[in-house]
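As structure tokens, the structure follows; a few thoughts come after it.
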Amino acid sequence: MSHEEGKQVTGKQQEKKLSFDTRLLHFGSEVDAATGASSVPLYQASTFHHTDVFNPPLHDYTRSGNPTRQALEDYIALLEGGTNGYAFPSGMAAISATFMLFSSGDHLIVTEDVYGGTYRLLTGILNRFGLEATFVDMTNVEAVKAALRPNTKGIYIETPSNPTLKVTDISALAAWSREQGLISMVDNTFMTPYYQRPIELGVDIVLHSATKFLGGHSDVLAGLAVTANETLGRQLKYLQNGLGTVLGVQDSWLLMRGMKTLSARMAHSELSARRLAAWLSGRKDIAAVYYPGLDNHPGHDIQNRQSTGYGAVISFDVGSGERAKQVLNAVKLPIVAVSLGAVESILSYPAMMSHASMPPEVRLERGITDGLLRFSVGLEDIEDLIVDLEQALEQ
Ligand SMILES: *Cc1c(COP(=O)(O)O)cnc(C)c1O
């Protein structure tokens with residue numbers, strides 16, 4: 001196909017030399033080889049004509065493959081440094097399909113404060129199919145090793161975790177996982193490949209809720225998965241096609257459009273997040289600030305080793321549930337909502353939003369107090385955001 005040929009000419013031979021920022025714009029399919037169009041065409045088609053039945057077209061049915069989705073899948077594989085990428089209709093769909101690599105009777109070791117949807121999937125759905133999971137504090141490598149069982153087949157890491165931003169040593173656990181013959185997986189949603197590329201650290205599969213920073217505009221729900229090798233890639237492709245969990249053509253296009261500005265958005269938001277974390281740390285009326293960019297964050301050194309930045313999500317404790325609700329009602333700039341990673345700032349209340357279904361004692365044990373707020377810093381002027389937060393805190 002001309003579309004595929006174009007990719008080879010413009011992208012593949014150069015990709016190694018180009019920096020991440022440049023690859024975001026020159027990812028191989030940025031110019032349509034057939035027409036010169038400046039963005040990937042929307043192949044809004046479910047099926048493809050066989051001009052010669054003995055020579056089927058590259059794509060024959062959109063569930064199994066579509067050129068627009070393929071461009072996105074190649075794009076994320078390139079950015080993460082993997083061999084194969086796959087696009088799903090949500091982050092949870094990507095994670096669900098990946099867990100289908102395992103079988104009844106298998107056991108997984110999973111980050112204790114994993115995303116709530118992932119916890120629900122493992123403890124409310126896949127447990128019924130005999131997939132077992134042990135949740136451990138992955139900041140403690142010995143605790144992870146101690147969770148190993150004869151039937152352990154995989155390790156699932158989320159770092160930094162949500163909402164208290166605990167940092168897990170990816171290289172250490174990827175190396176151990178390889179020794180034990182496990183499949184290692186990292187949910188890279190908070191960092192994105194701009195800051196952290198787990199495959200380069202030895203991980204087998206990287207997962208994303210692309211709904212967050214990759215999409216970046218709070219207007220598309222999507223998931224992505226990237227494998228470190230072709231064998232896992234083929235297995236995941238088989239699952240994506242078999243389960244039918246594919247990202248639609250329009251959303252694939254929208255996601256690529258958002259991803260082109262990933263570097264610019266992340267760099268801006270992170271600079272602002274650092275400023276906000278420092279400002280919050282300097283206030284006497286804030287009980288705790290969680291941000292891996294702070295020197296006193298317990299995971300700061302590991303974060304420095306495995307990532308090139310700290311991201312744009314900060315959690316902080318305003319002292320009480322009363323005060324948290326007052327702040328949520330008084331802020332004027334951030335939207336008060338679940339989700340994160342958008343051009344607009346998003347202020348969330350974990351105790352009543354993302355972690356509402358967690359028993360209060362478990363919540364408190366994990367530092368998710370009634371006074372905890374999570375701030376996903378967008379692209380507004382940070383001084384405006386600080387003035388707004390200050391008036392909300394001082395009401
Ligand atoms: C949002 C999120 C998910 C789930 O993604 P959806 O796109 O909402 O299905 C998974 N992991 C993390 C870390 C998330 O923030």
Side-chain angles (χ1 to χ4, degrees), residues 72 76 80 85-100 108 110-126 133 135 138 156-168 170 185-196 198 203 205-226 240 243 245-248 251-252 254-255 258-259 262 266 269 290 292 307 310-315 335 337-342 345-350 353-358 366 368 374-378:
L72 167 64
I76 190 63
E80 287 286 3
Y86 299 101
F88 296 84
S90 69
M92 285 320 304
I95 295 165
S96 302
T98 301
F99 284 159
M100 296 290 162
L108 304 179
V110 181
T111 297
E112 178 181 66
D113 40 4
V114 72
Y115 177 73
T118 309
Y119 182 83
R120 178 168 49 214
L121 173 64
L122 287 166
T123 59
I125 302 173
L126 294 179
F135 298 88
M138 290 209 181
Y156 185 93
I157 302 167
E158 193 177 309
T159 183
S161 66
N162 182 25
T164 56
L165 301 152
K166 285 190 189 165
V167 174
T168 295
I170 299 174
M185 297 156 277
V186 168
D187 181 332
N188 204 27
T189 300
F190 272 46
M191 283 296 111
T192 81
Y194 178 65
Y195 284 127
Q196 178 170 285
V203 162
I205 302 176
V206 173
L207 294 150
H208 282 284
S209 170
T211 313
K212 317 293 168 53
F213 290 103
L214 287 173
H217 294 71
S218 299
D219 56 11
V220 61
L221 194 73
L224 295 169
V226 179
Q240 183 199 37
L243 294 165
T245 45
V246 291
L247 187 64
D251 284 347
S252 295
L254 202 50
L255 184 51
M259 284 164 67
L262 180 69
M266 289 305 277
S269 288
Y290 303 94
S307 315
Y310 311 108
V313 179
I314 299 172
S315 294
I335 64 166
V338 294
S339 200
L340 53 105
S345 291
I346 302 177
L347 186 62
S348 314
Y349 188 33
M353 293 177 179
S354 50
H355 294 72
S357 63
M358 203 177 251
R366 305 217 179 140
I368 308 163
R374 190 187 70 197
F375 203 118
S376 169
V377 184

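As the structure lists them, so they are numbered: ligands from 1, and atoms in each ligand from 1. Throughout, numbering of the chain's residues begins at 1 and tracks the sequence.
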Shortest protein contact, atom 2 (C) of ligand 1 (heavy atom only): Lys212 NZ, 2.5 Å
Single hit among Leu207, Leu121, Thr245 for side-chain contact (heavy atoms from CB on, under 4.5 Å) with Met92: Leu121
Atoms of ligand 1 close to Met92 [distance to a heavy atom under 4.0 angstrom, numbered from 1]: 4 (C), 5 (O), 6 (P), 9 (O)
More than 12 heavy atoms of other groups within 6.0 Å of Tyr119 OH: no
4.0 Å heavy-atom contact, Asp187 with ligand 1: yes
Where ligand 1 meets Ser90 - atom numbers and elements under 4.0 angstrom, heavy-atom basis: 7 (O), 9 (O)
Close N or O approach (Gly91, ligand 1; < 3.5 Å): yes
Close aromatic pair by centroid cut-off 6.0 Å: Tyr194 and Phe213: no
N or O contact, Ser209 vs ligand 1, cut-off under 3.5 Å: yes
Residue pair Phe190 / Ser161: nearest heavy atoms and the distance that separates them: CE2-O, 4.5 Å
Nearest-contact summary for atom 7 (O) of ligand 1 - protein heavy atom, Å: Thr211 OG1, 2.7 Å
Atom 4 (C) of ligand 1 - nearest protein heavy atom and its distance: Tyr115 CE2, 3.3 Å
Shortest non-hydrogen contact between Leu221 and Leu247, atoms and distance: O-CD1, 3.8 Å
Nearest heavy-atom neighbours spanning Pro350 and Ile368: CB-CG2, 3.8 Å
Heavy-atom closest contact (Ala342 atom, Ser218 atom, distance): CB-OG, 3.1 Å
Element-labelled atoms of ligand 1 that are located less than 4.0 Å from some non-hydrogen atom of Glu158: 13 (C)
